[in-house]
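Okay, structure first, notes after.
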Amino acid sequence: MDKTILGELDSLAEEDKLRMSAFVDRLQARDSLRLYNSLVERCFIDCIDSFYRKSLGKQEERCVLHCAEKFLKVSAHVGMRLAELNQAEQQSNPR
């Protein structure tokens, strides 16, 4: 879990900190599953043309690999940009 999320909660009781930590962990797990499901749905819609075979055709396989790679690169880029914006906001509004 990201310790910066709970960094300002030092005044809470230890039990409350543990509950908050567990809650944040559940949110992160949920977001990871949503990202995975979004990736699968997007690449399936874009790449799978037929159901005549048990396995993917060469073109479908290339498409899925490219789709997944592109999706993950874009997601990483967005995450880095959000982190930069968050850091800039924290620096402009010190507590």
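Quick note: numbers below take in every heavy atom, side chains included, and nothing from hydrogens, waters or symmetry partners.
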**Message:** Restricting to side chain to side chain contact (heavy atoms under 4.5 Å, CB included), what partner residues turn up for Asp16, sequence neighbours left out?
**Reply:** Leu12, Ala13, Arg19

**Asked** Listed by chain and number, what are the side chain to side chain contact (heavy atoms under 4.5 Å, CB included) partners of Ser38, not counting sequence neighbours?
**Response**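 If we apply the side chain to side chain contact (heavy atoms under 4.5 Å, CB included) test to Ser38, skipping adjacent residues, the hits are Phe71.
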
Can you list the residues that meet the salt bridge (Lys or Arg N to Asp or Glu O under 4.0 Å) rule with [X], with sequence neighbours excluded?
X: Lys73; value: Glu69
X: Arg26; value: none
X: Arg53; value: Glu60
X: Asp49; value: none

Look up atom [atom1] in [X] and atom [atom2] in [Y], then write down how far apart they are to the nearest 0.5 Å.
X: Arg30; Y: Asp25; atom1: CZ; atom2: CG; value: 13.0 Å
X: Ser92; Y: Gln87; atom1: OG; atom2: CD; value: 11.0 Å
X: Met20; Y: Phe23; atom1: CE; atom2: CZ; value: 7.5 Å
X: Leu82; Y: His77; atom1: CG; atom2: NE2; value: 10.0 Å
X: Ile48; Y: Cys63; atom1: CD1; atom2: SG; value: 7.5 Å

**Asked** Would you say Leu39 and Leu35 are hydrophobically clustered, going by side-chain heavy atoms of ILVMFWY under 4.5 Å?
**Response**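 Cluster IDs for Leu39 and Leu35 match.
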
**Asked** Is there a path from Ile45 to Phe51 through hydrophobic residues (I, L, V, M, F, W, Y) whose side chains come within less than 4.5 Å of each other?
**Response** no

**Asked** Side-chain contact, heavy-atom cut-off 4.5 Å: Val64 with Asp46?
**Response** no

**Item:** Expected output: side-chain Ser32 to main-chain Gln28 donor-acceptor under 3.5 Å
**Value:**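 A pair under 3.5 Å: yes.
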
**Item:** Salt bridge Glu84-Arg81, side-chain N to carboxylate O under 4.0 Å
**Value:**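 Looking at Arg81 together with Glu84, the answer is yes, because their closest N to O distance falls below 4.0 Å.
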
**Prompt:** Are the gamma sulfurs of Cys47 and Cys67 separated by less than 2.5 Å?
**Reply:** no

